[in-house]
Protein chains: 2
Amino acid sequence: MAVKRRMGPEISGTRTVLIDAVEAVMREDGYGALSARSVARRAGLKYQIVFYYFETMDDLLLTSYRRRTQTVLERTEAALHSRRPLHAIWAASSDPFDAALSLEYIALSNHNPLIRSETIAFGERLRRMVADKLSRLPATAGLDPGIFTPIGITLSLSLMGSILGFETALGISGGHRETKTIAEWCLRQLEPDTRPATAKGRQA
Amino acid sequence: MAVKRRMGPEISGTRTVLIDAVEAVMREDGYGALSARSVARRAGLKYQIVFYYFETMDDLLLTSYRRRTQTVLERTEAALHSRRPLHAIWAASSDPFDAALSLEYIALSNHNPLIRSETIAFGERLRRMVADKLSRLPATAGLDPGIFTPIGITLSLSLMGSILGFETALGISGGHRETKTIAEWCLRQLEPDTRPATAKGRQA
DNA sequence: GTCTATACACCGATAGAC
DNA sequence: GTCTATCGGTGTATAGAC
C-alpha cells in the first residue's frame with residue numbers, strides 16, 4: 001500500500017507549512033486551483049517536495065481536511081460549553097473567513113470520494129455531538145418541544161449563518177440585514193442575556 | 001476583442017449539446033473536472049469543436065451559467081405567482097438535483113472572476129425581485145413586521161433549503177428531519193392551507 | 001531536506017484538411 | 001461542421017544528485 005520512494009517524517013515544520021498552503025490556496029483560488037505546484041509555490045518551495053512529505057495529492061488534501069475538521073470540532077465543543085451556545089455557534093458559522101473555506105471543502109466533497117466520506121462521517125459526528133450536549137433548550141419562549149428540537153434549531157441557524165458568511169466573502173449582501181435581524185431575534189428569544197448590564201463608560 | 005479563427009453560429013444544436021454537457025460534468029464531477037476535453041467527451045465529439053462554438057472555455061462556462069440563472073429566475077418568478085409562494089420557494093430550493101449544481105456554481109464563483117461577478121449581479125437581482133413581488137406577507141401569525149420581513153423570511157428558508165438539498169445529494173442526513181420539521185411548521189404558520197380539503201380515497 | 005531531471009497525461013488554443 | 005495535427009504549459013509522480 002505504502003509508496004516505494006523515500007518519504008519525510010510525520011512531524012516536520014515544512015509539512016505544516018504545506019498544509020497551511022493548502023488552506024491558503026483553497027480560500028483564495030478554490031479547490032480547482034489546488035495542485036502540488038500551486039501549494040509549493042505558495043510555500044516558497046519546489047513542487048516535488050510535496051511528494052516527499054505526502055504519498056499522493058489526495059493524501060495531502062485529506063490530511064489538510066482532517067486538521068480543518070478537528071479545528072471545527074474543537075470550536076464547536078467550546079461554543080457548546082459557552083454561556084450562550086446558540087449565540088456562539090451562530091457567530092462561528094457566519095464568520096466569512098471560515099465559511100469560504102468550509103463551503104469549498106463541501107463542494108469538493110461532491111466529486112472527491114475521499115473527501116466525501118470524510119465530510120459525511122464528520123457531519124454526522126458533529127451533529128450527534130451537538131444533539132447530545134444540547135439535549136435540552138431553555139424553554140424561555142414556550143415553544144412546542146415537538147417542533148423546536150435543539151438539533152433542529154442549531155442546524156437551522158448554522159446553515160443560515162454559513163451561507164451568509166460565504167456570500168459576504170463573495171460580495172453578495174442583498175437581504176443579509178433582514179435575515180440577520182430574524183436570526184438575532186430568534187437568538188435573543190432562545191438565549192436571553194441574563195448577565196447584569198455593564199455600566200457604560202467604565203471599561204478599563 | 002473577438003477571436004481571429006473561424007467560429008460557428010450562435011444558434012446551433014451542437015452548441016446546446018455542449019452546454020448540456022457542461023451541466024452534466026458539473027453535476028457529476030464538479031467544476032474542477034470541467035475542461036474542453038471532458039465536455040466534448042460527454043457530448044460524444046472531439047474537444048476542438050468546443051473552440052469552434054465558443055471563443056474560450058470561460059465563454060462556454062459563462063454561457064452555460066447564464067442559461068442556468070435564467071432558468072432559476074423563471075422558476076422563482078413562477079413560485080412567486082403560485083398559491084403559496086413560500087412553500088414553492090422552499091420546495092424549489094431544497095431539491096437535491098438542483099442544489100448540487102447551484103452549490104457547484106457558487107463555489108466556482110469563489111475563484112472565477114467572470115462567474116463571480118455574474119453570481120453577485122444575479123443574486124442581487126433575484127432578491128430584489130423577491131422583495132418587490134412579496135412586499136407584504138399574510139400577517140396570519142401576528143409577527144412583528146419590523147423583524148419578520150418578506151425578504152428575510154424568504155432568504156432564511158431558501159438558504160436552509162438549499163444546503164439541506166445539497167447535503168441530501170451528498171449523503172448527509174443528520175438533523176435534516178428536525179430542521180425540516182421547523183421549516184414546515186413556519187411555512188404552515190405563514191401560509192396556511194386555505195384550500196378546501198380533498199375527500200380522501202376519492203382520487204382518480 | 002531540498003533540489004534537478006525526467007516521464008507521461010491532460011490542459012487551452014490555433015491552423016488547416018476534408 | 002467536424003476532423004487531424006500541433007503548440008507550450010501544467011498536472012501527478014518518481015529517481016537520483018547534493
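Per chain, numbering begins at 1; letters A, B, ... match sequence-line order. Note: hydrogens, waters and symmetry copies are ignored here, and every other heavy atom, side chains too, is used.
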Check the distance between D/dG11's P and A/F54's CZ and give it to me in whole angstrom.
-> 18 Å
Atom pairs under 3.5 Å: protein N/O with N/O of nucleotides 8-11 of chain C:
from: C/dC11; atom 1: OP1; to: B/S35; atom 2: OG; distance (Å): 2.8

Let me know the distance between CG of B/L18 and P of D/dG1, rounded to the nearest Å.
-> 13 Å
Nearest-Å distance, OH (A/Y53) to C1' (C/dT2)?
-> 8 Å
Got a salt bridge between A/E118 and A/R66, using NZ or NE/NH1/NH2 to carboxylate O under 4.0 Å?
-> yes
Nucleotide nearest A/T14 (side chain, heavy atoms from C-beta), chosen from C/dT2, D/dT12, C/dG12 = C/dT2
Are the side chain of B/R15 and the backbone N or O of B/Y53 linked by a donor-acceptor pair below 3.5 Å?
-> yes
Between D/dA13 (C1') and A/K46 (NZ): distance, integer Å | 17 Å
Does A/Y52 make a side-chain N or O approach to OP1 or OP2 of C/dT2 shorter than 4.0 Å?
-> no
Options C/dG1, C/dT6, D/dT4, nucleotide nearest the side-chain atoms of A/P9 | C/dG1
Donor-acceptor pair, side chain of A/E178 and main chain of B/T149, under 3.5 angstrom | no
What orientation do B/Y31 and A/Y31 show, parallel under 30°, tilted 30 to 60°, or perpendicular over 60°?
-> tilted
Over how many whole Å does the gap from B/Q48 atom CD to C/dA17 atom C1' extend?
-> 13 Å
Are B/S35 and B/Y47 close enough that a side-chain donor and a side-chain acceptor fall under 3.5 Å?
-> no
N/O donor-acceptor pair, side chain B/R6 with base C/dG16, under 3.5 angstrom | no
Tell me: CD1 of A/I49 to C1' of D/dG16, nearest whole Å?
-> 14 Å
Do other residues, nucleotides or ligands put more than 12 heavy atoms under 6.0 Å from A/K133 NZ?
-> yes
Rounded interatomic separation in angstrom, taking CG from A/L45 and C1' from C/dG1 | 10 Å
Is it the case that A/R68 and A/S102 place a side-chain donor and acceptor less than 3.5 Å from each other?
-> yes
Where the side chain of A/F51 is defined as all heavy atoms beyond and including C-beta, which of C/dA13, D/dT2, D/dT12 is the nearest nucleotide?
-> D/dT12
